[in-house]
Amino acid sequence: MTLAETPNTQNSLNPFLTLNYEPALASLGDDYYDEVAAAEFPQHTLRWRNDALLPKLGLNPQNVQDEDFIIAFSLFQGRKPFLALRYHGYQFGEYNPQLGDGRGFLYGQVRGIDGELYDFGTKGSGRTPYSRGGDGMLTLKGGVREVLAAEALHQLGVRTSRCLTMIETGLSLWRGDEPSPTRSSVMVRMSSSHIRFGTFERLYYLQRPDLIQKLLDHVIEHYYSHLANERDKYALFYAELVKRVAELVAQWMAAGFCHAVLNTDNMAITGESFDYGPYAFIPTYDPYFTAAYFDYYKRYCYSHQPGICQLNLELLQQPLRSVIDKADLEAGLAKFGDYYVAEYRSLMLKKLGFEQLLAPEADELLGLTIQFLQDSQVGYHQFFYEMARTFSSKWRDEPGLVLNPSDVVPTSDKSAIFDNWCILYHKILNNFNPDQMDSIAQTLTYYNPKTVLLRPVIESIWEEIAQEDNWQPFYQLLQTIASRG
Ligand code: AMP
Ligand code: MG
């Protein structure tokens, strides 16, 4: 809906303005942020409201009007202060002290009905002291892309932020990487926290161990509260962060997701995935697939992601060293590989149909699967989807019946690896009883949805919006993603 002018709705009835906001970060004092004002926009057209998130806030979607989103999140009435968070970060390997929220701010923090604290963080809400040369705005296409990425990743089991709302704001923006002028939006992200590795790096750069300690206490109190009363809570915090990040990157890898910009300012201290810019899902298993056109040296390519996350965790040790013993940090990080392998293995076996597989052949199957996907360059997602689509209990009877190769790869390209893969898969199925085939079929279907957010899919959605202002394919895609279709 569009609001030409400010409606006369009572703010006291707007559920977003009457939520019980907690000034958790604000209470730390202004060493960590600047108070900022939001931009004023010529247009306010609600394009996305994430009704699935509202119950988590204790709200019934039926009681939340479209106007409520607009008044709160693009007219920005009835709430302040808004906090532009200060941070630095390693960007493509270089330390950059010229960062911070340049086109967004922390709108507020609320406790979900699960008892957890959540941030509402804006993107595209105007200039701040950290905008530097930028306009402080988000393109509509950028908003559409982040909404889609977050929903798709969430459904694929990735621990991710979500988008609460996206509102078109009527400005013409100029961008080097989009046909311009291009349309504008403001997006509100609901995430566990916008405190980044780079938030700590800035305090180290400023030589403020006192502020590092204070921030760390805050992080443990709110996001690692089960550790708060432990004697060695700081070491335990870092050890758990390592585990969370290792599991997160394993989740991306299994989902075939390339984040594209794994700078330390895009790494959340809660180990949650967020900030979806030039990301892409891999079309095929190509270790060097690189999503950002400006990543000239493939630093953040698909297969580098685990190593980069490990490196970012290692870089974080520098600011944490004023609080945590070096030996504890090193012992924490040493477990990264084991956590990563365990999570990746478990997720990939699920994609292959097995909730739990103790068979000694499990690792062999994983290795062979990856080898086949890489050598054949069949569609990564297509391969697993075809397994789910064509699975039959007959596969247990003989290897020749397993995954008819023409379903995934032209018969002429049939390879020895593929034959071996079929033989092994058949052998593993024979570790199960015939009556367990149904549950394998269900596992395959659950973990391998048909719809994948490959670039051509996103582009076709965007073309409909850009050419025809037709939003139906966008909503349809979100619905399909939500139903794991
Ligand atoms: P990102 O690539 O979105 O993680 O942003 C990296 C840095 O650039 C952050 O400090 C952003 O706030 C800033 N930034 C990105 N785009 C803009 C923009 N259009 N206007 C102002 N600052 C921006
Ligand atoms: Mg960022």
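Counting convention: from 1, in listed order, for ligands and their atoms alike. Hydrogens, waters and symmetry mates play no part in the numbers below; they use all other heavy atoms, side chains included.
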Between [Y] and [X], do the side chains contain a donor N or O and an acceptor N or O under 3.5 Å apart?
| X | Y | answer |
| --- | --- | --- |
| His304 | Arg299 | no |
| Tyr279 | Glu146 | no |
| Ser192 | Thr270 | yes |
| Gln472 | Gln476 | no |

Check: Where the closest heavy atom to atom 6 (C) of ligand 1 is concerned, which of Gln91, Arg175, Arg132, Lys123 has it?
Finding: Gln91
Note to self: If you measure every N or O of Asn266 against every N or O of ligand 1, does any of those distances drop under 3.5 Å?
What the structure shows: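 Checking ligand 1 against Asn266, an N or O pair does fall under 3.5 Å apart.
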Margin query: Test your reading of the model: is there a side-chain donor-acceptor pair from Ser225 to the backbone of His222, 3.5 Å cut-off?
Written below: no
Margin query: Tell me which one of Asp469, Thr45, Thr169, Thr139 satisfies side chain to side chain donor-acceptor pair (under 3.5 Å) with Arg183.
Written below: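 Exactly one pass, corresponding to Asp469.
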Below a 4.0 angstrom heavy-atom separation, can you tell me which part of [X], side chain or backbone, both or neither, approaches ligand 1?
| X | answer |
| --- | --- |
| Tyr87 | side chain |
| Asp101 | backbone |
| Leu138 | neither |

Next item on the list: State whether the number of non-hydrogen atoms from other residues, nucleotides or ligands found under 6.0 Å of Lys350 atom NZ is greater than 12.
Entry: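 Correct, the count exceeds 12.
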Item checked: Qualifying residues under salt bridge (Lys or Arg N to Asp or Glu O under 4.0 Å), relative to Arg111, sequence neighbours excluded -> Glu22
Item checked: Residue and atom, protein N/O/S, under 2.8 Å of the Mg ion (ligand 2) ->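 Protein N/O/S atoms under 2.8 Å of the Mg ion (ligand 2): Asn266 OD1, Asp275 OD2.
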Next item on the list: Please write down residue, atom name and distance for the protein heavy atom closest to atom 16 (N) of ligand 1.
Entry: Arg103 NE, 3.2 Å
Item checked: Stepwise side chain to side chain donor-acceptor pair (under 3.5 Å) test for Tyr204 and Arg321 -> CA-CA 10 Å; Tyr204 176 76; Arg321 218 167 277 158; over 6 Å; no
